[in-house]
Amino acid sequence: DSDIANGFVLANVDKPAEGSSLTVSASLQDGSGGNASALGSDSALLDTVAPALTSMVMDKTTLKIGDTAVVTLTFSEKVEGLDLSDLVAPSGQLSNLLSSDGGKTWTVSFTPSTALDAPTNVIRLASTFTDLVNNPGTEASGPNYVVDTKAPSFTLQLSNASNSGSTSDLLTNDDTPTLSGTGTDGDTIEVTMPGTGEILKTVVSGGVWQVTPTQGMTSGTVTAMAKDVNGNPSTPVSLSLTIDKTIATPGLSLLCDSGSSAGDKISNNASLSLSNLETGAVVEYSTNGSIWTSSFTPAEGDNTVTVRQTDAAGNVAVSSTLNFHLDKKAPTPTATVSPISGDNAMGPTDASSATTSIVGEVTDAQEGDKVNIYVHGKTFTGTVDASGHYSVEVDTADLIADSDRSISVVVFATDAAGNTDKVSVDQLYSVDITAPTVQSIVVSKTSLKAADAASVTITFSEKVTALDLSDISADNGT
């Protein structure tokens with residue numbers, strides 16, 4: 001068919017083979033047949049095959065934190081119209097799509113998403129691209145790749161078996177304590193110990209892990225980190241531990257060693273004085289060295305008490321022991337007074353002395369205990385001697401002047417433990433300091449002859465004693 005007037009000629013030719021070129025040449029002649037145009041020609045390549053992806057290669061098929069993969073796409077022929085929207089990459093983002101050879105080979109960068117654990121992923125290619133003759137592309141997909149950008153997590157703790165004190169205080173007397181925790185199977189735990197710098201490694205198994213140092217550590221911060229099987233590191237975890245392996249021996253004494261001696265351990269007060277105690281330490285008491293209690297109850301008489309302390313780290317101190325005698329019973333003294341001036345009578349001879357000794361005996365009292373003598377409104381003081389006697393000098397004038405003719409003796413007794421009591425005893429006496437006089441001597445016969453005898457009557461101013469014949473003399477007779 002042809003329509004030369006309108007510039008149209010249609011001719012049928014044989015179809016060339018796929019991928020071969022068809023070349024057509026033609027010229028025109030006018031109606032006279034003598035004029036012909038120059039020969040013209042054109043050619044075309046026969047391409048009816050859709051472009052296809054022949055390979056998709058990733059330089060990394062397992063991507064961890066910080067990784068980026070380069071994906072190389074190779075097509076069966078050059079393609080065009082290919083952009084990032086034609087590619088779908090799960091668990092990450094694609095960028096920098098370009099071709100360096102005109103469209104047959106392309107590269108694109110893949111950056112995995114963060115904090116993701118996705119083991120199954122495939123990049124998919126849509127069919128929206130074409131070849132250079134506009135044959136539409138075909139869908140395709142690449143190899144599986146793994147995205148592991150999730151940092152491993154784990155826990156770190158001081159094992160209860162190594163925590164010698166409270167399980168929550170991170171204080172122990174074990175300088176090679178076991179550290180443990182939980183984690184993901186296969187992850188590697190690396191622990192660095194303070195003081196020594198010793199590094200311990202272990203692999204999580206069954207969801208748990210533990211390490212024990214071989215070198216004695218010091219107080220400080222334990223640091224630990226986990227790495228998963230793909231090499232992702234965790235955030236470091238730290239644990240501050242205090243190592244305490246020492247405790248002082250507690251000091252133990254009586255709070256008050258009462259009585260005359262401050263060191264005889266005889267007291268009426270069993271309160272204990274403790275020293276060298278650690279803050280927060282538990283103090284325990286024992287009376288037999290095997291049974292320990294939180295308090296001590298003393299008994300009257302001999303006591304033995306042992307004290308120990310246990311600090312927060314579980315260290316138990318060497319104990320201290322105290323033996324003492326508790327005496328809370330007051331003494332029961334007695335006192336006697338010897339007759340004043342020997343006969344409880346003050347006479348002229350007694351009155352001639354400036355002082356008069358008041359003496360007596362005391363029981364259940366100690367040497368040095370005070371003795372007070374009260375007479376005529378005055379107090380005279382002495383002490384008990386080692387044999388239980390006392391002797392107090394009292395002004396004779398006060399004895400004579402006392403209208404009651406009585407003295408009071410008060411003994412203030414103290415026992416070895418310092419318990420006190422007193423006893424009082426009174427003593428009556430008489431006072432007669434005027435000398436008796438002879439008022440008359442009467443002889444019954446004033447003239448006596450041989451063989452006569454006369455009676456003599458002597459009258460005194462008062463009654464007298466100790467009068468005998470040696471006190472009387474008679475002239476010319478007996």
Side-chain angles (χ1 to χ4, degrees), residues 332-413 421-478:
T332 55
T334 64
T336 62
V337 184
S338 298
I340 300 171
S341 297
D343 58 2
N344 284 329
M346 298 290 295
T349 301
D350 301 322
S352 65
S353 299
T355 61
T356 300
S357 297
I358 306 299
V359 298
E361 296 182 357
V362 178
T363 63
D364 205 10
Q366 294 194 103
E367 181 181 4
D369 283 350
K370 184 171 69 171
V371 179
N372 281 353
I373 309 296
Y374 301 98
V375 61
H376 197 222
K378 294 183 179 180
T379 302
F380 299 89
T381 301
T383 57
V384 177
D385 64 20
S387 63
H389 294 81
Y390 65 88
S391 178
V392 180
E393 293 299 311
V394 175
D395 289 345
T396 302
D398 288 310
L399 286 170
I400 295 172
D402 188 82
S403 60
D404 291 337
R405 300 293 190 264
S406 174
I407 64 171
S408 291
V409 178
V410 178
V411 178
F412 298 90
D421 202 352
K422 65 183 179 178
V423 62
S424 177
V425 60
D426 294 336
Q427 180 69 57
L428 297 174
Y429 64 93
S430 63
V431 176
D432 185 359
I433 59 175
T434 302
T437 59
V438 177
Q439 293 183 333
S440 65
I441 300 176
V442 178
V443 180
S444 62
K445 294 179 181 178
T446 58
S447 177
L448 292 92
K449 59 185 185 292
D452 280 349
S455 60
V456 180
T457 302
I458 304 172
T459 303
F460 294 93
S461 58
E462 58 184 303
K463 292 180 179 180
V464 298
T465 60
L467 180 66
D468 58 28
L469 291 177
S470 65
D471 296 313
I472 303 171
S473 61
D475 296 336
N476 300 316
T478 59

Keeping the roles fixed (side chain from [X], backbone from [Y]), state whether a donor-acceptor pair exists under 3.5 Å.
X      : Y      : answer
Asn372 : Val410 : no
Asp402 : His376 : yes
Thr396 : Ser353 : yes

Original post:
How far apart are the C-alpha atoms of Val456 and Ile441, what are their side-chain angles, what is the distance that settles it, and do they pass the side-chain contact (heavy atoms from CB on, under 4.5 Å) test?
Top reply: CA-CA 7 Å; Val456 180; Ile441 300 176; 3.6 Å; yes
Please find the pair of heavy atoms, one from [X] and one from [Y], that lie closest to each other, and give the distance.
X      : Y      : result
Glu393 : Phe380 : O-CD2, 3.8 Å
Ser406 : Leu428 : CB-CD2, 3.6 Å
Ser341 : Thr356 : OG-CG2, 3.9 Å

Is any side-chain heavy atom of [Y] closer than 4.5 Å to one of [X]?
X      : Y      : result
Ile358 : Val337 : yes
Asp364 : Thr334 : no
Ile407 : Ile340 : yes
Gln427 : Val409 : no

Once you round to the nearest 0.5 Å, how far does [atom1] of [X] lie from [atom2] of [Y]?
X      : Y      : atom1 : atom2 : result
Ser447 : Asp452 : OG    : CG    : 8.0 Å
Asp432 : Asp350 : CG    : CG    : 10.5 Å
Leu399 : Lys378 : CG    : NZ    : 11.0 Å

**OP:** Please assess Tyr390 against Asp369 for the test side-chain contact (heavy atoms from CB on, under 4.5 Å), listing each intermediate value before the final yes or no.
**Re:** CA-CA 10 Å; Tyr390 65 88; Asp369 283 350; over 6 Å; no
Original post:
If you measure only the distance, is there a donor-acceptor pair under 3.5 Å linking the side chains of Asp395 and Thr355?
Top reply: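 Result is no, nothing qualifies.
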Donor-acceptor contacts, no H, no angles, side chain residues 471-478, under 3.5 Å, sequence neighbours left out:
residue	atom	partner	partner atom	Å
Asp471	OD2	Asp468	N	3.0

